[in-house]
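For the numbers below, each heavy atom of this structure counts, side chains included, while hydrogens, waters and symmetry mates do not. The residues of the chain are indexed from 1 along the displayed sequence.
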Amino acid sequence: MANNSVAWQRISPIAIIYFILMLIKNLVGNVVYILPGLLVLYNQVEKNPGFWWPFIYAMLALLLISAILSFYFFQYRLSNQQIEIRSGVLSRKYIDLPFAKIQNVELSEPFYYRPFGYTCIQFDTAGSARQEAKVVAIKKDFALQLKQEILAIHNSASAEMAVDDDSESIPAEPTEHHNEADETVLDRRNLDDLVIHGLTNNRVWILLAGIAPFMEQVIDKLISWSMYWGINLEQYFDFAEKSIWQIIGTFLSIFLTIMLVVSLLSIIGSIIMFHNFKLSRYEDKYIRRSGLFTRTEVTMRLSRLQKIVWQQDWLDVLLRRINLRFEQSNANIANVQPGQISNKIIVPSVTHKECHHLIDDAYPDADLKNVRFNRVSIRLFVRNILLFVLPVSATISYLAISHNDYQALAPIGAATAFVSFLFYMRYRRWGWASDGKYLYIRKGCLGVNYYIFESYKVQQTEFIQSWFLKRRQLCSLQLVLASGSISVPYIPEQQGFEWLNNTLTTVESTRRNWM
């Protein structure tokens with residue numbers, strides 16, 4: 001292979017742009033923590049407009065210098081079927097990663113790389129998250145060639161392990177680079193699908209919660225800016241001479257305006273992340289490509305698939321849409337940003353028919369449509385009511401009565417009934433089943449999630465039984481996979497023993513290599 005020598009190689013200078021944007025992204029990601037400082041600086045700027053410019057120049061200079069130093073100190077070399085990476089400015093980092101330990105190779109192309117034919121290549125392992133390695137600016141053709149060589153070497157090592165362990169063989173991966181035309185397209189997402197995904201998976205409320213402590217200052221600024229443009233917002237909040245319907249209408253209009261802005265931001269985020277989404281299959285691999293500004297390609301071998309997750313929030317249930325996740329080892333999840341996680345493939349807002357088609361392709365023997373779930377004990381609902389709902393409701397009611405505030409009892413009762421309803425729905429959602437080969441778990445509240453995984457991929461089991469559960473002949477189970485743990489609470493003790501025994505028997509009798 002080209003560049004396969006003991007000499008250290010430098011990445012392209014275009015990586016300086018990459019490092020600048022990553023620094024900005026980290027600053028934006030921590031904006032909640034620096035908001036107090038920004039507010040203090042803003043107050044100084046109002047008193048002295050020239051106060052801000054030295055900070056802007058210093059910040060720009062710091063970003064540029066940091067990016068140039070990050071580029072200068074980033075080096076890599078390929079030798080003896082391994083990749084070595086040196087990086088870091090103040091804190092130096094050295095990675096030595098043999099090709100045989102690499103589980104996934106992910107390519108991502110930021111929009112400013114595409115005209116020049118560069119890409120980022122990330123190597124993920126099944127071990128510690130610290131073993132993740134990434135070369136941030138190399139030629140795309142070379143990256144594709146390197147990817148095929150790594151997969152071929154890893155496949156050879158896996159085949160040798162399979163022979164030594166008397167395990168089932170794993171299909172060989174091709175050493176040559178295949179064309180996209182050779183792949184079987186399983187699913188594409190259109191613009192309307194991404195709009196629905198943005199509406200049903202709104203996470204902008206997290207940002208609003210972060211700026212909540214500063215809402216008073218934000219409102220004051222909005223009022224002052226509106227007065228500058230000749231709009232008097234204060235008159236809308238003067239309720240002294242307004243009827244109850246006018247007050248309700250005001251708050252309703254404000255709520256709808258906020259929801260509109262939040263929904264638009266969420267839709268934009270969904271389009272940026274999943275633009276031109278395509279999920280395809282080539283031999284024993286799933287390949288996902290998506291992204292508007294940064295085009296990302298994630299490859300997952302079916303043998304490494306840990307579980308399939310069917311996820312529906314309450315709005316997904318109303319619109320009959322599903323977010324389907326194919327998950328493998330989560331070892332590297334700590335080092336990547338949301339939407340760039342290479343340990344899972346997310347197919348957003350699919351219909352029921354599309355969802356079952358994708359599940360049948362990955363798990364042909366699974367029968368989620370016809371499986372009958374066992375319910376957990378109703379004592380789970382009773383326990384949550386007695387432990388969480390009634391004590392809080394009784395305490396608040398007592399305080400209201402002691403202050404002769406009897407009008408507060410009605411909303412307290414309504415809140416208690418609503419929370420009790422949520423606990424009841426959570427109890428009703430819990431379910432578990434097994435058909436011998438696959439395990440099925442259902443949970444949720446207003447929405448519903450289904451988890452499907454093969455029995456032999458369970459790595460650890462835990463039988464949990466408190467004194468109360470033992471008296472009632474109940475137990476809780478926890479199953480640990482490489483992609484995380486899943487629990488099932490308050491099931492009959494005898495059924496719990498049988499389920500664990502059957503699962504462990506399958507694990508011990510099956511010696512298939514799934515890494």
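Going from atom CZ of Arg428 over to atom CZ of Arg442 covers 8.5 Å, rounded to the nearest 0.5 Å. A distance of 11.0 Å separates CZ of Arg471 from OG of Ser466, quoted to the nearest 0.5 Å. Going from atom SG of Cys475 over to atom CG of Leu469 covers 7.5 Å, rounded to the nearest 0.5 Å. Atoms OH and NZ, from Tyr76 and Lys134 in turn, are 15.0 Å apart once rounded to the nearest 0.5 Å. From Asp360, atom CG reaches atom NE2 of His356 across 8.0 Å, with rounding to the nearest 0.5 Å. Separating the CG atom in Leu146 from the CG atom in Asp141 is a distance of 12.5 Å, to the nearest 0.5 Å.
At least one donor-acceptor pair closer than 3.5 Å links the side chain of Ser266 to the backbone N or O of Gly198. Checking side-chain atoms of Arg429 against main-chain N and O of Gly447 turns up a donor-acceptor pair under 3.5 Å. In this structure, Gln465 contributes its side chain and Leu474 its backbone to a donor-acceptor pair below 3.5 Å. Side chain of Arg426 to main chain of Cys445: no donor-acceptor pair is present (N/O by atom type, distance under 3.5 Å, no hydrogens or angles). With hydrogens and angles ignored, the 3.5 Å screen pairs no side-chain donor or acceptor of Arg288 with any backbone N or O of Phe277. Side-chain atoms of Gln312 come within 3.5 Å of backbone atoms of Arg321 as a donor-acceptor pair (strictly under, hydrogens ignored). The main-chain N or O of Thr506 is found under 3.5 Å from a side-chain atom of Ser509 such that the two form a donor-acceptor pair. Using a distance-only test at 3.5 Å, with no hydrogens or angles considered, a donor-acceptor pair links the side chain of Ser349 to the main chain of His197. At distances below 3.5 Å, at least one donor-acceptor pair connects side-chain atoms of Arg114 with backbone N or O atoms of Phe293.
Every residue meeting the side chain to side chain contact (heavy atoms under 4.5 Å, CB included) condition with Asp435, not counting sequence neighbours, appears here in chain and number order: Lys437, Tyr438, Tyr440. With sequence neighbours excluded, the residues satisfying side chain to side chain contact (heavy atoms under 4.5 Å, CB included) with Asn190 are Asp192, Asp193. Residues forming a salt bridge (Lys or Arg N to Asp or Glu O under 4.0 Å) with Arg281 (at least two apart in sequence, or on another chain): Asp361.
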Just list the side-chain donor-acceptor pairs under 3.5 Å for residues 407-419, sequence neighbours left out, or say none.
| unit_1 | atom_1 | unit_2 | atom_2 | d |
| --- | --- | --- | --- | --- |
| Thr416 | OG1 | Ser393 | OG | 2.9 |
| Thr416 | OG1 | Ile412 | O | 2.8 |

Could you give the side-chain donor-acceptor pairs of residues 373-384 under 3.5 Å, partners two or more places apart or in another chain?
| unit_1 | atom_1 | unit_2 | atom_2 | d |
| --- | --- | --- | --- | --- |
| Asn374 | ND2 | Trp432 | O | 3.1 |
| Ser377 | OG | Arg379 | N | 3.1 |
| Asn384 | ND2 | Leu380 | O | 3.2 |

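Summarising the geometry of Asn276 relative to Arg295, their closest heavy-atom pair is O-NH1, 3.1 Å, with the distance given to 0.1 Å. Listed here is the closest heavy atom pair of Val136 and Tyr113: O-OH, 2.7 Å. In terms of heavy-atom proximity, Phe274 sits nearest to Ile346 at CE2-O, 4.0 Å. Shown here for Glu493 and Phe463, the closest heavy-atom pair between the two residues is CG-CZ, 4.2 Å. Nearest heavy atom pair, residue Ile491 against residue Gly496, reads CD1-CA, 3.7 Å. Minimum interatomic distance between Ile83 and Phe99 (heavy atoms only, all atoms of both residues): N-CE2, 3.7 Å.
Around the NZ atom of Lys278, the shell of radius 6.0 Å holds more than 12 heavy atoms that belong to other residues, nucleotides or ligands. Residue Phe468 qualifies as enclosed at atom CZ: its count of foreign heavy atoms under 6.0 Å is above 12. In the displayed structure, Gln473 atom CD is contacted under 6.0 Å by at most 12 heavy atoms of other residues, nucleotides or ligands.
Lys344 places none of its side-chain heavy atoms less than 4.5 Å from the side chain of Gln328. The closest side-chain heavy-atom distance from Tyr282 to Thr184 is not below 4.5 Å. Residues Ser487 and Leu477 form no side-chain contact, since every pair of their non-hydrogen atoms from C-beta on lies 4.5 Å or further apart. Ile287 has its side chain within reach of Glu183: a pair of non-hydrogen atoms, C-beta onward, lies under 4.5 Å apart. Using a 4.5 Å heavy-atom cutoff, the side chains of Thr296 and Thr294 are in contact. When side chains are defined from C-beta on, Val480 does not count as touching Val458, because their heavy atoms never get closer than 4.5 Å. Contact annotation: the side chain of Lys443 approaches that of Tyr451 to within less than 4.5 Å [non-hydrogen atoms, C-beta and beyond]. Here the side chains of Asn201 and Asp316 are in contact, with some heavy-atom distance below 4.5 Å.
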Checklist entry - Can you check side-chain contact (heavy atoms from CB on, under 4.5 Å) on Val309 and Leu324, steps first, answer last? => result CA-CA 6 Å; Val309 182; Leu324 197 65; over 6 Å; no
Next on the checklist: One pair to check against side-chain contact (heavy atoms from CB on, under 4.5 Å): Ile308 and Phe453. What are the steps and the verdict?
Outcome noted: CA-CA 7 Å; Ile308 296 177; Phe453 52 96; over 6 Å; no
Next on the checklist: Checking Thr351 against Glu354 for the side chain to side chain donor-acceptor pair (under 3.5 Å) test, could you report, in this order, the C-alpha distance in whole Å, the side-chain angles of both residues, the deciding distance, and whether it holds?
Outcome noted: CA-CA 5 Å; Thr351 63; Glu354 292 170 332; 3.3 Å; yes
Checklist entry - Stepwise, does the salt bridge (Lys or Arg N to Asp or Glu O under 4.0 Å) test hold for Arg189 with Asp187? => result CA-CA 7 Å; Arg189 297 288 85 197; Asp187 191 84; 2.9 Å; yes
Item to check | salt bridge (Lys or Arg N to Asp or Glu O under 4.0 Å) evaluation trace for Arg289 with Glu297 | outcome: CA-CA 5 Å; Arg289 297 179 180 92; Glu297 177 182 312; 3.2 Å; yes
Checklist entry - Passes side chain to side chain donor-acceptor pair (under 3.5 Å), Thr299 versus Lys147? Steps please. => result CA-CA 11 Å; Thr299 302; Lys147 174 181 178 179; 3.1 Å; yes
Checklist entry - Yes or no on side chain to side chain donor-acceptor pair (under 3.5 Å) for Thr200 and Asp313, after CA distance, side-chain angles and deciding distance? => result CA-CA 7 Å; Thr200 59; Asp313 291 336; over 6 Å; no
Item to check | Check against side chain to side chain donor-acceptor pair (under 3.5 Å), Tyr94 and Glu84 | outcome: CA-CA 7 Å; Tyr94 175 80; Glu84 299 172 80; 2.2 Å; yes
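Ring centroid separation for the pair Tyr490 and Tyr427 does not come in under the 6.0 Å cut-off.
Classified by interplanar angle (parallel below 30°, tilted 30° to 60°, perpendicular above 60°), the ring pair Phe423/Phe388 is parallel.
With 3.5 Å as the limit, one finds a donor-acceptor pair spanning the side chains of Ser483 and Lys307.
Partner of Leu279 under the side chain to side chain contact (heavy atoms under 4.5 Å, CB included) criterion, out of Val350, Leu358, Val298: Leu358 alone.
For residues 410-423, the set of pairs meeting the salt bridge (charged side-chain N to carboxylate O under 4.0 Å, His left out) definition, not counting sequence neighbours, is empty.
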